[in-house]
Every structure is written in structure tokens, then in C-alpha cells.
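Here the structure is laid out as C-alpha cells; the discussion comes afterwards.
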Amino acid sequence: MNREPDVLTEAEKNGGSTAAVPGKGGKGGKNGGRNGDVQLPSLGPLGLLRWAWTQLTSMRTALLLLLLLAVAAVPGSLFPQRPANPAVVTQYLEDNPDTGPWLDRFQLFDVYSSVWFSAIYLLLFISLIGCVIPRAKAHYRAMRSKPPRTPKRLSRLPEYGTLAVPASSGLTAASAIEQAAQLLRKRGYRVDVRDLDGDRPSVGAERGFAKEVGNLVFHTALIGVLISIAVGGLFGYSGQKIVVEGESFVNTLVGYDSFTPGTSFTEEQLAPYSLTLDKFDVQFDRESQTHYGQPLDFAATMTVKDSPDAEEHTETLKVNAPLTIGGSRVYLVGNGYAPVVTVRDGEGNIALQGPVVSVPSDGMYTSLMVIKAPDAKPDQLGFVGFFLPTAMLDDQGVSYSGDPDPFNPQLNLNAYYGDLGLDEGVPSNVYVLDTENLTEINSRNLDDGGIVLGANQTYELPEGKGSITFDGIKRYAALDIHYDPAKIWVLGFATLALAGLAASLFLARRRVWIRSGTHADGRIMVEYGLLARGEDQRLSSEAAAVRALLEKQWLAGTGAVEDNGAGDTSASHTGAHSTDQGAKPDASAADSSTAQEKETGKDS
């Protein structure tokens with residue numbers, strides 16, 4: 001009853017501290033009292049850093065960061081990305097003046113290079129390293145250590161069995177353990193023989209270290225994948241180029257229509273190759289009624305030179321069959337028609353001549369096109385409209401394309417003159433005509449109407465502004481060119497990760513102990529037990545396999561297999577039992593013959 005005052009008095013003697021004195025009934029004391037206050041020591045800066053490092057390098061944190069990285073990548077699919085298509089991002093900002101700037105502030109148009117995505121990426125990288133290194137050290141020590149000591153009672157293990165070898169076999173307890181160790185070693189176990197000179201020698205065996213090795217390989221390979229992706233992002237590049245039949249592409253910066261370099265990219269990384277589009281073939285379905293006119297195959301025949309001094313060779317580029325040139329991968333990502341036109345200005349001079357790329361808008365290759373002639377005089381000329389490969393008229397007299405092949409090619413254009421806005425040096429979209437400072441001279445809304453041109457036809461513009469001629473058509477191929485110096489490493493580490501994951505999932509960590517002893521009647525009594533590290537549905541089959549090996553070694557040809565263990569325990573017939581059943585071997589070498597008689601009540 002007087003313990004609490006005693007504690008307070010003791011606390012006052014120690015300078016007024018409120019911490020409970022051990023054994024005096026305070027919290028944390030021997031009696032577990034609740035009246036004492038526990039004063040936890042402060043972590044301090046070093047302790048706080050150690051705690052933060054422990055939390056960061058835990059497996060739970062690594063999994064959370066991996067999930068967070070996947071979630072953080074979702075906005076990259078929901079919003080247009082500036083590196084992939086800056087024009088679409090600009091249009092999105094114009095169409096959404098309220099939300100667009102806020103999304104841009106949070107870098108949602110540059111997700112994969114944003115600060116927050118990079119932070120998650122780096123934290124995951126550090127967390128994986130912090131997880132792998134300590135586990136690798138611990139596993140290395142476990143591999144060098146001996147198997148665990150033999151349990152005193154093997155009958156408590158999940159899989160257990162006994163064998164009785166007749167005295168006529170000439171086997172001793174020590175030789176039985178040595179032979180058992182050899183059998184286990186051949187089965188892939190790491191063995192350790194104990195107490196050969198004693199009355200009850202035993203062997204401990206363990207295998208399945210490859211399971212944890214596979215786990216470590218998996219996580220190490222993930223780190224390798226992250227490093228490889230980072231290297232590819234630093235030194236790689238990607239670019240897009242549209243090549244018209246008969247034209248060439250040279251792998252230089254000025255040769256690309258758009259180019260996205262890595263952070264550490266240098267122009268010296270560009271291999272000096274070139275390619276020429278000789279012919280582009282498209283095969284359409286002409287037999288099926290339900291899919292008539294659908295494309296079946298695209299093939300670009302190209303002349304390739306690996307370097308200026310190299311010999312030319314012909315390659316065929318197809319969808320999902322890219323070309324590999326100078327370490328780069330060239331993909332076919334699009335195609336269309338490029339009508340060949342000649343534009344003359346008001347002075348009769350050629351202001352523009354050549355193919356003009358059109359953009360397909362449907363499966364019949366109805367294509368939007370814009371023609372700009374900034375060199376026309378006295379006024380610059382511009383045209384906007386569409387190209388029809390096979391022009392037809394509907395009931396309302398509106399033109400449309402009835403087939404993707406150019407059976408009846410036709411241009412339908414509106415004409416403008418004025419300032420195209422190209423002399424100021426401001427970049428503009430080649431597929432968009434800004435008509436703000438232009439005057440319309442041809443359209444359906446004017447008396448002169450729109451321009452309709454068939455192949456090899458010429459139209460004279462009103463007011464003597466010039467003329468436009470439809471000379472013919474060519475096809476073009478849209479190329480996507482990628483260079484990633486670490487792609488082979490990504491593939492290698494990804495394959496290694498899958499192999500490690502398979503090993504960690506399908507391999508099992510198992511331990512086996514076998515103990516022997518000599519019975520009073522000269523028989524060699526052997527007991528064995530198996531234990532798995534974690535869940536192992538195949539442990540019972542492994543126990544049966546171990547028993548079969550032992551019986552084949554000692555009992556084959558003796559005629560004692562059927563009677564082995566008879567009169568001792570039913571476990572010797574079944575070969576295994578569960579600890580839940582409470583069964584015990586009555587002829588086990590783990591106990592003396594006197595103990596056996598007490599347990600079974602039988603005279604063995």
C-alpha cells in the first residue's frame with residue numbers, strides 16, 4: 001500500500017524525475033503499474049536519419065513506391081505530353097484557358113520528366129538498393145553457416161517417419177547416418193553430420209537457397225532496369241520524319257521534322273546513315289464484303305546507306321517490322337498521299353512546286369491539306385481544303401471519297417492571298433493555315449466558288465493572282481526513329497528479373513533431419529523429419545521421396561519392407577504424420593527402449 005509514496009520519494013531524491021523506478025510498480029517496472037510516466041529518449045538528428053533510412057529501405061516502402069510510380073504514370077496517358085506532341089499540348093492549352101495553365105504548373109504535360117515523378121523514381125531506386133544489400137549479406141551468411149541443429153523431438157515436425165533396419169543387415173547407427181548423408185547430398189541437399197561417435201548420430205540437411213537467391217536476383221534486376229532506363233533517357237533520342245516517294249532522309253538534326261533529345265545527348269551520337277523511299281505499297285481488301293477497302297499490308301521499299309562511303313542496299317520497312325540502322329530503330333507509324341502541285345504567282349513565276357503532304361481523316365483516305373506559297377508575288381498565296389483519292393458525289397452534290405485507292409483523285413480547295421505570317425520567323429504548324437491576315441478569293445461562299453481540280457488540271461485564280469495545277473500524286477511514309485543505347489540492358493535485366501521471380505515462386509526452402517540409434521535387439525532404428533521455410537504444398541511428396549531412398553538403400557531385397565516397423569507404430573507404415581494428430585514413434589532412436597515401452601505398452 002505504501003509503494004507509491006516510496007517511488008515518489010525515490011524520484012525526488014534523484015532530482016525530481018518522474019520516471020518510475022524499476023521494481024517499484026511504475027510503468028515498465030516489474031509489476032507493470034500504470035501510475036508511473038515513461039520518458040522516452042529523444043532521437044536526435046542522427047537517430048531521426050537512421051529511423052528515416054530504416055523506413056525507406058523496408059520492403060513495404062519499396063512496394064508502396066512501386067505502386068505509387070504506377071499511379072503517377074496514369075496522367076501521362078490521360079493528358080497529351082509535350083515531348084511526344086507539343087502541338088496537341090498547345091491546342092489543349094488554347095481550348096482550356098482555365099484548367100490548362102494549372103495542369104501545366106503541376107507538370108501534367110511533362111509527366112515523365114516532372115519533379116514529382118523523378119522523386120518517386122529516385123526514392124524507389126534508393127529503397128530497392130537499401131532492401132537488397134542487407135538481405136544479400138544475411139543470405140550469404142546463411143549459405144555459409146551449417147544447417148540448423150537436429151531437433152530433440154523430430155515427431156513434432158510437419159512430416160515425420162521411422163524405419164527399422166534388421167540387425168542382419170550389418171548396419172551401424174553411424175554408417176546409417178553416413179549413407180543417409182550421401183543420399184541427401186545426391187538429392188541436392190547441403191548436409192552436416194553430427195555425433196557420429198555417440199549413441200544417437202544424426203544428419204541435418206538443407207536446400208532451396210536458390211529461392212532467396214531468385215528473390216535477390218529479381219530485386220537486383222529491377223535496379224538494373226531502372227538504371228538502364230535512366231541511361232537510355234540521358235543518352236537516347238527520338239525523332240519523326242515524313243518521307244515522300246523519291247525523297248531521302250539523312251540522319252542529321254536538320255533532317256528531322258521533330259526531334260526529342262535526351263538530357264546528355266550530343267550531336268556526335270547521330271550515326272551518318274541515310275535512306276531513300278523508293279516506293280510505298282498498300283494492299284487493300286478487295287474480296288470481303290464486310291471489310292472491303294480495309295488495308296491489309298503496308299510496305300515501304302527503301303534504299304539504305306549505313307554511311308556516306310558504304311554501299312547501298314535495299315530494305316523493306318513494314319508495320320511491326322522496324323529497320324535497325326546505325327543503332328537506331330526506324331518504325332513505320334503512318335502513311336498517306338502527297339499531291340504534287342505547281343503554284344504560279346501573279347507574275348507567272350513558279351512560287352511552289354512539288355508534293356504536299358496531306359493528313360488522312362478516315363479509312364477512305366479523305367485527307368486534309370494546306371498549301372502555302374510564301375514566295376508568291378505580289379501577294380503570298382495560301383490554299384486549304386481536302387484531297388479525295390476516289391472522288392464521288394452524294395445525293396446533295398457533296399464530294400466524298402469512295403475508295404482508298406486513287407481511282408479518281410481530286411483536289412477541293414479554298415484560296416487566299418495576303419500575309420501568311422511566315423516572314424517574322426515565328427514557328428507555325430505546316431498543317432494549319434492562319435487566315436486572320438488573309439483575303440479569301442475562292443470558296444463555296446463566293447461567286448467564283450471553290451477550286452475543284454482533277455489530275456493534270458489547272459485553275460486560274462481570280463483577280464490575276466496566279467494559278468494552281470494538280471500534277472499528280474505520290475505516297476509518303478511517316479517514320480518514327482528511336483535510339484536507346486541501353487535497350488539491350490533493359491531486355492537483359494527484364495529477363496533476369498523474370499527468371500529470379502520464377503525461382504522465388506516455384507522453388508522451396510526445405511530442411512531434413514535424420515537420426516539413428518541401436519535398439520536393444522540389434523535393429524537400427526531411424527527416424528526422419530522434414531520442415532519447410534514458408535508454405536510448401538509439396539513437402540509431403542518430398543518426405544515420400546526421402547523415405548523411398550532410405551528404404552531402397554537399406555531394405556531392398558531384405559524382405560522387410562512390408563513388415564518394417566510392425567509392432568512399433570503405424571507411422572512406420574504411412575511414412576509421415578501431422579503434429580496435430582499427436583502420434584509418437586514408439587521405436588524411435590530419439591528415446592530409449594524403456595521410454596518406448598512406456599509409450600506403446602508393447603514389448604518390441
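Quick note: residue numbers are just sequence positions, from 1.
Counting heavy atoms from C-beta outward, Trp513 and Val203 have side chains that stay 4.5 Å or more apart. Met525 has its side chain out of reach of Glu527: every pair of non-hydrogen atoms, C-beta onward, lies at least 4.5 Å apart. The shortest side-chain heavy-atom distance between Leu163 and Trp554 falls under the 4.5 Å cut-off. Within the 4.5 Å cutoff, the side chain of Ile227 has heavy atoms near those of the Phe125 side chain. You'll find the side chain of Leu128 reaches within 4.5 Å of the side chain of Leu226, heavy atoms only. Contact annotation: the side chain of Phe493 approaches that of Ser228 to within less than 4.5 Å [non-hydrogen atoms, C-beta and beyond]. When side chains are defined from C-beta on, Ser328 counts as touching Tyr273, because their heavy atoms get closer than 4.5 Å. Within the 4.5 Å cutoff, the side chain of Leu479 has heavy atoms near those of the Leu275 side chain.
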Assess the residue pair Thr518 and Asp199 against the criterion (side-chain contact (heavy atoms from CB on, under 4.5 Å)); give the C-alpha distance rounded to whole Å, side-chain angles, the decisive distance to 0.1 Å, and a yes or no. CA-CA 8 Å; Thr518 304; Asp199 295 335; over 6 Å; no

Start with the C-alpha gap between Phe117 and Gln107, add the side-chain angles, then the distance that decides, and say whether side-chain contact (heavy atoms from CB on, under 4.5 Å) holds. CA-CA 10 Å; Phe117 190 86; Gln107 299 179 297; over 6 Å; no

Working note: Thr150 + Arg515, criterion side-chain contact (heavy atoms from CB on, under 4.5 Å); need CA distance, chi angles, decisive distance, verdict. CA-CA 8 Å; Thr150 306; Arg515 180 188 288 124; 3.3 Å; yes

Please test Thr324 against Arg329 for side-chain hydrogen bond (donor to acceptor under 3.5 Å, both in side chains), starting from the C-alpha separation and ending with a verdict. CA-CA 5 Å; Thr324 302; Arg329 300 277 279 182; 2.7 Å; yes

Applying side-chain hydrogen bond (donor to acceptor under 3.5 Å, both in side chains) to Asp285 and Gln294, what does each step give before you reach the verdict? CA-CA 5 Å; Asp285 188 354; Gln294 295 295 316; over 6 Å; no

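In this structure a side-chain-to-backbone donor-acceptor pair under 3.5 Å is missing from Glu159 to Leu157. Without hydrogens or angle criteria, Ser175 side chain to Leu171 main chain gives no donor-acceptor distance under 3.5 Å.
Using a 4.0 Å cut-off between charged side-chain N and carboxylate O, Arg533 and Glu212 make no salt bridge. Here Glu542 does not pair with Arg538 in a salt bridge; the nearest charged N to carboxylate O distance is not below 4.0 Å. Between Lys318 and Asp297, at least one side-chain nitrogen of the basic residue sits less than 4.0 Å from a carboxylate oxygen of the acidic one, meeting the salt-bridge criterion.
In this view, His291 satisfies the ring-ring contact (aromatic ring centres under 6.0 Å, His included) rule with no residue, not counting sequence neighbours. The ring-ring contact (aromatic ring centres under 6.0 Å, His included) test applied to Tyr237 returns Phe259, Phe265, Tyr483, not counting sequence neighbours.
Using bins of under 30°, 30° to 60° and over 60° for the plane-to-plane angle, the ring pair His139/Phe209 lands in the tilted bin.
Heavy atoms of other residues, nucleotides or ligands lying less than 6.0 angstrom from CZ of Arg185 number more than 12.
Counting all heavy atoms, side chain and backbone alike, Pro322 lies closest to Asn320 at CD-C, 3.6 Å. Nearest heavy-atom pair across Arg523 and Pro166 is CG-CA, 4.2 Å. Minimum heavy-atom separation, Leu108 to Val111: O-CG2, 3.4 Å. Of all the heavy atoms in Arg200 and Lys152, the pair that sits closest is NH2-O, 4.3 Å. Leu184 and Ala205 make their closest contact through CD1-CB, 3.7 Å (heavy atoms, listed as atom of the first residue, atom of the second, distance). Contact detail for Arg509 and Gly208: the closest heavy-atom pair is CD-O, 3.6 Å.
For the pair Arg207 and Tyr189, the distance from NZ or CZ to the six-membered ring centre is under 6.0 Å and the angle to the ring normal is within 45 degrees.
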